[in-house]
K.L.:
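Please find one structure pasted underneath; my questions will follow.
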Amino acid sequence: MSNYKIAVLPGDGIGPDVVKEAVQLLEEIGNQYNHQFEFVYGKIGGVAVDEAGTPLPEKTVEICKESDAVLLGAVGGPKWDNESPELKPETGLLGIRKALQLYANLRPVTLFSSLIHSSPLKREVVLDTDILIVRELTGGIYFGSPRERRVGEKGVEVIDTLFYTEAEMERIIRKGFELAQTRKRKLTSVDKANVLESSRLWREVANRVSCDYPDVALTHMLVDNAAMQLIRNPRQFDVIVTENMFGDILSDEASMLTGSLGMLPSASLGVEGPGLYEPIHGSAPDIAGKDVANPLATILSAALLLRHSLGLSEEAYAVEKAVEQALEQGFRTHDIGGEWERVLSTTQMGEVVRGNLKAPIIS
Ligand SMILES: NC(=O)c1ccc[n+]([C@@H]2O[C@H](COP(=O)([O-])OP(=O)(O)OC[C@H]3O[C@@H](n4cnc5c(N)ncnc54)[C@H](O)[C@@H]3O)[C@@H](O)[C@H]2O)c1
Ligand SMILES: CC(C)[C@H](C(=O)O)[C@@H](O)C(=O)O
Ligand SMILES: [Mg+2]
């Protein structure tokens with residue numbers, strides 16, 4: 001029997017609901033494959049502000065660093081929207097990403113074929129969508145300083161700083177090339193080189209690094225065009241590599257190719273140490289506490305955790321198959337349900353996926 005320690009940070013809003021389903025699913029994987037998962041819970045986000053006066057208690061960072069992997073729900077909500085920056089839930093999330101040096105955020109955008117009609121886009125547009133967005137996660141405008149609001153001669157002024165070192169660009173771009181080598185060998189580097197100095201360096205670095213990966217076809221695309229091309233013809237993309245904020249925005253957009261924001265998982269990886277796994281969506285205050293959130297993005301994040309941090313690819317595949325099967329069986333949560341008859345609650349969808357793990361259909 002192998003033992004793994006997993007830090008669990010449920011966070012705010014729908015975070016605890018969707019994380020609960022992912023944890024129960026991992027327990028089921030443990031039973032079936034003879035693994036022992038020890039779950040150690042930590043506070044992050046608004047709940048941590050309320051209980052400990054900070055969105056990222058030191059204890060939480062410790063728990064994460066001592067674990068093999070971290071599973072996170074979501075942070076934030078209207079209750080904390082007007083807090084000062086150091087007391088904002090989102091600061092806790094950025095803080096844990098930075099503390100664990102999770103520079104590479106992998107956001108797979110994969111359409112399950114039975115959800116082809118759940119996307120607001122036409123069937124022939126979204127058919128066979130299979131994109132990996134590789135987002136830089138610990139630099140850029142999210143972390144640069146100075147960052148401030150002040151009063152100048154003409155009134156209130158604000159500054160956010162977009163800062164990157166060449167080395168930070170190179171490591172994420174290399175990651176993009178390496179991941180492209182495991183897929184269709186096409187890498188689209190997304191930037192705003194027609195305006196931003198940071199993007200001009202990004203493009204230079206991508207061109208230089210591409211010499212080391214002659215088997216990967218590199219193309220450059222401006223971010224505004226990329227936003228449009230994702231909707232016009234998503235099949236043109238294999239791997240997209242981009243900086244922090246562009247990746248954030250494009251991945252929410254791309255999620256609708258798969259039917260819902262509630263379907264997209266993510267893996268955040270560093271050079272060493274535990275990876276962090278979370279759905280790309282937020283705390284969804286509009287549906288929090290109603291047991292209606294789609295838990296599949298978090299369940300699929302647990303699959304990524306098994307694959308990337310624990311090296312359990314068979315188990316990861318089993319989870320993905322169990323999700324696929326639930327969708328093929330016609331089960332939906334409200335976000336992918338539309339007029340569907342078999343709309344399940346968060347809890348029920350979790351149960352169905354676990355049930356499929358217990359009794360897999362041999363195909
Ligand atoms: N990683 C994170 O923790 C994270 C990510 C994004 C936003 N946030 C925070 O979440 C809060 C709300 O932000 P927002 O409303 O802009 O974005 P959101 O992602 O929370 O919600 C956007 C819309 O998608 C829906 N949605 C999201 N996840 C869903 C799911 N699993 N199932 C069904 N529907 C789902 C919501 O109901 C909402 O209508 C903010 O405080 C924001 O900062 C946190
Ligand atoms: C909540 C916020 C800080 C976060 C981000 O922008 O990275 C979120 O939108 C995400 O995509 O994980
Ligand atoms: Mg986001």
Side-chain angles (χ1 to χ4, degrees), residues 9-22 43-49 55-56 70-83 85 87-98 102-107 109 115 118 120 133-143 160 242-256 258-268 276-301 323 332-338 343-350:
L9 315 181
D12 307 315
I14 62 170
D17 302 351
V18 291
V19 159
K20 184 163 146 262
E21 299 311 319
K43 303 264 181 231
I44 194 166
V47 286
V49 171
L56 183 62
V70 183
L71 179 68
L72 190 144
V75 299
K79 184 176 176 194
W80 306 280
D81 275 351
N82 297 321
E83 293 286 5
L87 289 182
K88 281 189 76 65
E90 292 79 0
T91 304
L93 180 61
L94 300 181
I96 193 66
R97 289 172 179 171
K98 195 73 169 177
L102 304 170
Y103 74 91
N105 183 218
L106 279 46
R107 298 188 159 190
V109 184
L115 285 191
S118 299
I133 297 180
V134 180
R135 169 189 176 194
E136 203 291 325
L137 203 60
T138 51
I141 200 160
Y142 277 60
F143 291 94
D160 284 299
T242 191
E243 64 89 54
N244 203 343
M245 190 160 81
F246 296 160
D248 177 46
I249 297 168
L250 291 181
S251 53
D252 262 39
E253 183 196 2
S255 75
M256 288 316 295
T258 74
S260 168
L261 184 57
M263 291 301 299
L264 241 63
S266 84
S268 303
L276 182 148
Y277 301 83
E278 57 171 328
I280 80 153
H281 63 69
S283 59
D286 52 338
I287 55 167
K290 298 184 177 159
D291 196 24
V292 296
N294 185 345
L296 295 180
T298 316
I299 287 175
L300 292 166
S301 300
V323 168
R332 302 284 186 272
T333 41
H334 86 107
D335 56 317
I336 45 177
V343 173
L344 304 185
S345 66
T346 311
T347 322
Q348 288 169 330
M349 182 57 104

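Indexing begins at 1, ligand by ligand and atom by atom, following the structure's order.
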K.L.:
Has the side chain of D335 got a donor or acceptor atom that lies under 3.5 Å from a matching backbone atom of A293?
P.N.:
no
K.L.:
What protein heavy atom sits nearest atom 31 (N) of ligand 1, and how far off is it?
P.N.:
N294 O, 3.0 Å
K.L.:
Under a 4.0 angstrom heavy-atom cut-off, which atoms of ligand 1 come close to G262?
P.N.:
30 (C), 31 (N)
K.L.:
Please work out whether any backbone atom (N, CA, C, O) or any side-chain heavy atom from C-beta onward of V292 is under 4.0 Å from ligand 1, and answer side chain, backbone, both or neither.
P.N.:
neither
K.L.:
Can you spot which of T333, D17, D291 makes a side-chain contact (heavy atoms from CB on, under 4.5 Å) with S345?
P.N.:
D291
K.L.:
Could you list the atoms of ligand 1 found under 4.0 angstrom from a heavy atom of L93?
P.N.:
1 (N), 2 (C), 3 (O)
K.L.:
Is the closest heavy atom of L261 to ligand 1 under 4.0 Å?
P.N.:
yes
K.L.:
In the protein, which heavy atom is nearest to atom 2 (C) of ligand 2, and how far is it?
P.N.:
L93 CD2, 4.3 Å
K.L.:
Determine whether L264 and V109 satisfy the following criterion, side-chain contact (heavy atoms from CB on, under 4.5 Å), listing intermediate values before the conclusion.
P.N.:
CA-CA 7 Å; L264 241 63; V109 184; 4.0 Å; yes
K.L.:
From the options H334, E90, E278, select the one whose nearest heavy atom is closest to atom 1 (N) of ligand 1.
P.N.:
E278
K.L.:
Nearest protein heavy-atom contact for atom 9 (O) of ligand 2: which residue, which atom, what distance?
P.N.:
D248 OD1, 3.2 Å
K.L.:
Would a distance-only check, ignoring hydrogens and angles, find a side-chain to backbone donor-acceptor pair under 3.5 Å from T91 to L87?
P.N.:
no
K.L.:
As a test of understanding, state which of H281, E278, K20 forms a side-chain contact (heavy atoms from CB on, under 4.5 Å) with T298.
P.N.:
H281
K.L.:
Can you pull out the closest protein heavy atom to atom 6 (C) of ligand 1? Residue, atom name and distance to 0.1 Å, please.
P.N.:
G282 CA, 3.3 Å
K.L.:
With atoms numbered from 1 as shown, which atoms in ligand 1 lie under 4.0 angstrom from a non-hydrogen atom of G77?
P.N.:
41 (O)
K.L.:
Checking side-chain contact (heavy atoms from CB on, under 4.5 Å) against L296, which of M349, E21, R332 comes through?
P.N.:
M349
K.L.:
Which ligand 1 atoms are under 4.0 Å away from a heavy-atom of A74?
P.N.:
3 (O)
K.L.:
Specify the protein heavy atom at minimum distance from atom 26 (N) of ligand 1: its residue, its atom name, and the distance to 0.1 Å.
P.N.:
A284 CB, 4.1 Å
K.L.:
Would you say K88's side chain and D81's backbone share a donor-acceptor pair under 3.5 angstrom?
P.N.:
yes
K.L.:
May I ask you to check whether V75 has an N/O atom sitting below 3.5 Å from an N/O atom of ligand 1?
P.N.:
yes
K.L.:
Which residue and non-hydrogen atom of the protein lie closest to atom 34 (N) of ligand 1, and at what distance in Å?
P.N.:
I287 CD1, 3.6 Å
K.L.:
What's the separation between atom CG in L276 and atom CG in L137, rounded to the nearest 0.5 Å?
P.N.:
8.5 Å
K.L.:
Does ligand 1 have any atom sitting under 4.0 Å from a heavy atom of A297?
P.N.:
no
K.L.:
Could any protein non-hydrogen atom be found less than 4.0 Å from atom 14 (P) of ligand 1?
P.N.:
no
K.L.:
Counting only heavy atoms closer than 4.0 Å, does ligand 1 sit against the backbone of P285, its side chain, both, or neither?
P.N.:
side chain
K.L.:
Report the nearest protein non-hydrogen atom to atom 11 (C) of ligand 1: residue, atom name, distance rounded to 0.1 Å.
P.N.:
S283 OG, 3.2 Å
K.L.:
Counting heavy atoms only, which part of R107 comes closer than 4.0 Å to ligand 2: side chain, backbone, both or neither?
P.N.:
side chain
K.L.:
So, E90 side chain and G92 main chain: donor-acceptor pair closer than 3.5 Å or not?
P.N.:
no
K.L.:
Give the numbers and elements of all ligand 1 atoms closer than 4.0 Å to a heavy atom of A293.
P.N.:
32 (N)
K.L.:
What residue and atom, counting heavy atoms only, is the protein's closest point to atom 37 (O) of ligand 1, and at what distance?
P.N.:
D286 OD1, 2.8 Å
K.L.:
Distances under 2.8 Å only: what protein N/O/S atoms are near the Mg ion (ligand 3), ordered by chain and residue?
P.N.:
D248 OD1
K.L.:
Closer than 4.0 angstrom: is that true for some heavy atom of I280 and an atom of ligand 1?
P.N.:
yes
K.L.:
Going by a strict under-4.0 Å cutoff (protein heavy atoms only), does atom 24 (O) of ligand 1 have a neighbour on the protein?
P.N.:
yes
K.L.:
Which of the numbered atoms in ligand 1 are under 4.0 angstrom from any heavy atom belonging to G76?
P.N.:
41 (O)
K.L.:
Verify, without hydrogens or angle tests, whether D12 (side chain) and G46 (backbone) share a donor-acceptor contact under 3.5 angstrom.
P.N.:
yes
K.L.:
Does the S266 side chain pair with the main chain of I280, one donor and one acceptor, at a distance under 3.5 Å?
P.N.:
no
K.L.:
Starting from atom 27 (C) of ligand 1, what is the nearest protein heavy atom, named by residue and atom, and what distance separates them?
P.N.:
H281 CB, 3.7 Å
K.L.:
So which bit of H281 gets within less than 4.0 Å of ligand 2, heavy atoms only: side chain, backbone, both or neither?
P.N.:
neither
K.L.:
At what distance, to the nearest 0.5 angstrom, does CD of E136 lie from CG of L102?
P.N.:
11.0 Å
K.L.:
Hey, does the side chain of E83 reach the backbone of W80 with a donor-acceptor pair shorter than 3.5 angstrom?
P.N.:
no
K.L.:
So is R97 polar-close to ligand 2, meaning N/O to N/O under 3.5 Å?
P.N.:
yes
K.L.:
Looking only at protein heavy atoms, which one is nearest to atom 6 (O) of ligand 2, and how far off is it?
P.N.:
Y142 OH, 2.5 Å
K.L.:
Pick whichever of K88, R135, E90 has a heavy atom sitting closest to atom 5 (C) of ligand 2.
P.N.:
R135
